[in-house]
There are 2 protein chains.
Amino acid sequence: MTEKQENILAKALELFATKGYAATSTAKVAREAGVSEGLIFRHFGNKEGLLSAVLAQGQEKLAAIYNSLEQEFNPRKRLERVIDMTFEVPSEEYVFWRLIYALKWQTDAYDDSGSAAMKALLVETFEAMHYEDPSAEAELIMVLLDGLVTAILLRKPKELNRLQSLLHRRYML
Amino acid sequence: MTEKQENILAKALELFATKGYAATSTAKVAREAGVSEGLIFRHFGNKEGLLSAVLAQGQEKLAAIYNSLEQEFNPRKRLERVIDMTFEVPSEEYVFWRLIYALKWQTDAYDDSGSAAMKALLVETFEAMHYEDPSAEAELIMVLLDGLVTAILLRKPKELNRLQSLLHRRYML
DNA sequence: AAATTGTGAGTGATTAATTACTTACTATTT
DNA sequence: AAATAGTAAGTAATTAATCACTCACAATTT
C-alpha cells in the first residue's frame with residue numbers, strides 16, 4: 001500500500017462519513033487526497049470498490065472488539081466491558097463509526113451478520129448471570145448501546161459519565 | 001394541494017427514505033410520480049424545497065406525540081406511554097421515520113431542538129417519581145428508545161413484545 | 001555491464017450519461 | 001380573462017468511468 005493509496009482511503013472515509021457516500025464524488029476524493037481521479041479507478045476499480053476498501057480497513061476493529069470480549073469469561077466483567085468500551089470509543093475512530101452508522105440507512109448496504117454474533121455472546125452472558133429472560137436482556141442492551149453510540153457521535157453529550165455510572169448501578173457492576 | 005402534488009410528495013418521501021436524499025434525482029421522483037420534472041420546481045422551488053415540504057408534512061406527527069404526552073400528568077402513566085408508543089409506531093409511518101433517522105447522519109440536516117423538549121419532559125417525570133438522578137434517567141431512556149426505533153426500522157425483530165414487557169418490569173409499570 | 005523487456009504507479013484529457021434547474025409553451029380552473 | 005397547473009424540451013455543470021500515455025524501476029537477456 002503506497003502513500004497515495006492511503007491518502008485516498010483516508011479522505012474517502014472522511015468524506016463518505018461526513019457528506020455521505022452518494023453526495024461524495026470521486027473527483028472530490030481525488031482532489032482532497034492530492035491525486036488524479038484516474039488513480040482511484042486504477043486501484044479500486046470503481047466507486048463502490050473504494051467504499052469496500054474503506055470498510056475492509058475498519059473491519060479489523062470489529063473483529064478485535066468481538067475477540068477481546070470473547071476472551072473475558074467472567075460474565076459480570078464481560079458485561080462491564082461491553083458497556084464501558086461503548087462509552088470509551090476512541091475519538092480517532094469517530095469518522096469510521098459515523099460511516100458505518102450512516103450506511104445502515106442506505107438500503108442496500110445494511111448487514112446484520114456482525115451483530116448476530118454479539119447477540120449470541122450477550123445471551124450467553126445473561127444466562128450465566130441467571131437473568132430471567134437472557135434473550136430479551138441481550139436485545140435490550142444492544143439496542144441501548146446502539147442508541148448510545150448514536151448519541152455520542154451526533155450529540156456528543158457531556159453527561160456521559162453520569163449515564164455510565166447509572167448503567168453500572170442498574171446492572172450491579 | 002392537487003393530486004399530482006401529493007403524488008410528488010409521497011414518492012419523494014419514499015425515495016429519500018430508501019435510497020437517500022443525495023442519491024435521489026428530481027428526474028426519478030417526477031418519473032415515479034407520473035409528472036413532468038418541471039412541475040416539481042414549479043411547486044417546491046428546488047430540490048431542498050421538496051425535502052422541506054416532505055418533512056413539514058411529517059412535523060405534525062412529532063407535535064401530536066409531544067402534546068399527547070404533555071397532557072398525561074400521572075408520571076408513571078406518562079413513562080408507560082413514552083415506552084409503549086415507541087413499540088407501537090404504526091407501520092404506515094415507517095418511511096417517514098426512516099427518512100428522519102437517515103437524515104440525522106447527513107451533516108447539515110441534524111436538528112436536536114425537538115428532542116430537547118422531550119428530554120425536559122422526561123426529567124420532570126423522573127423527578128416526580130423520585131428517581132436518584134432524573135437527568136441521567138431521562139438521557140438513558142431517550143438513548144434506549146432511539147436505539148429501539150432504529151432496531152424496529154432496520155431489523156424488524158420479532159421478540160419485541162418480550163423486550164416491551166422486560167422494560168415494563170424494569171420501570172415497575 | 002549494457003541493452004532489452006516488462007510492470008505497476010500515476011497522470012490529464014475525454015467520454016457519455018446524469019444532474020439540478022429553466023424557459024417557452026399549453027391546458028385547466030376560477 | 002386572469003391566475004394557476006402542467007408539460008416538453010432545453011440548459012450548463014457535474015458525474016463516474018475510460019483513455020492513451022509517461023515515468024521509475026526491476027528482471028531478463030545479450
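Side-chain atoms are counted along with the backbone in the values below, which use heavy atoms only and exclude waters and symmetry mates. As the structure is a computational prediction, the values presented were derived from the model and not from experiment. By convention in this document, chain letters (A, B, ...) are assigned in the order of the sequence lines, proteins followed by strands, and residues within each chain are numbered from 1.
- Comparing A:G38 and B:L39 along DNA chain D, the residue whose closest nucleotide (by nearest heavy atom) sits nearer the 5' end is B:L39.
- Listed in residue order, the members of residues 5-32 of chain B having a heavy atom less than 4.0 Å from DNA chain C are B:T24, B:S25, B:T26.
- Residues satisfying the salt bridge (charged side-chain N to carboxylate O under 4.0 Å, His left out) test with A:K47, not counting sequence neighbours, are none.
- Considering A:E124, A:E137, A:E139 in turn, A:E139 is the only one that fulfils the salt bridge (charged side-chain N to carboxylate O under 4.0 Å, His left out) rule with A:K119.
- Where DNA chain D meets chain A (any atom under 4.0 Å from a heavy atom), the bounding nucleotides read 5' to 3' are D:dT15 to D:dT18.
- For A:E32, there are no side-chain hydrogen bond (donor to acceptor under 3.5 Å, both in side chains) partners at least two apart in sequence or on another chain.
- Note: A:F126 and A:Y131 have perpendicular aromatic rings, judged against thresholds of 30 and 60 degrees for the angle between ring planes.
- For B:R98, the side-chain hydrogen bond (donor to acceptor under 3.5 Å, both in side chains) criterion is met by no residue, not counting sequence neighbours.
- Rounded to a whole Å, the CD atom of B:E37 is 13 Å from the P atom of C:dT18.
- Mapping B:R42 and B:N46 onto DNA chain C by nearest heavy atom places B:N46 closer to the 5' end of the strand.
- Here C:dT14 presents its P atom at 18 Å from CZ of A:F41, a figure rounded to the nearest Å.
- Ionic pairing of A:R155 and B:D146 is not present here: no N-O contact between side-chain nitrogen and carboxylate oxygen is shorter than 4.0 angstrom.
- Partners of B:D84 according to the side-chain hydrogen bond (donor to acceptor under 3.5 Å, both in side chains) rule, which considers only residues two or more places apart in sequence or in another chain, are B:Q164, B:H168.
- Side chain of A:T24 to main chain of A:L15: a donor-acceptor pair is present (N/O by atom type, distance under 3.5 Å, no hydrogens or angles).
- Rounded to whole Å, atom P of C:dG12 lies 14 Å from atom CD1 of A:I40.
- The CZ-P distance, from A:F44 to C:dG8, rounds to 16 Å in whole Å.
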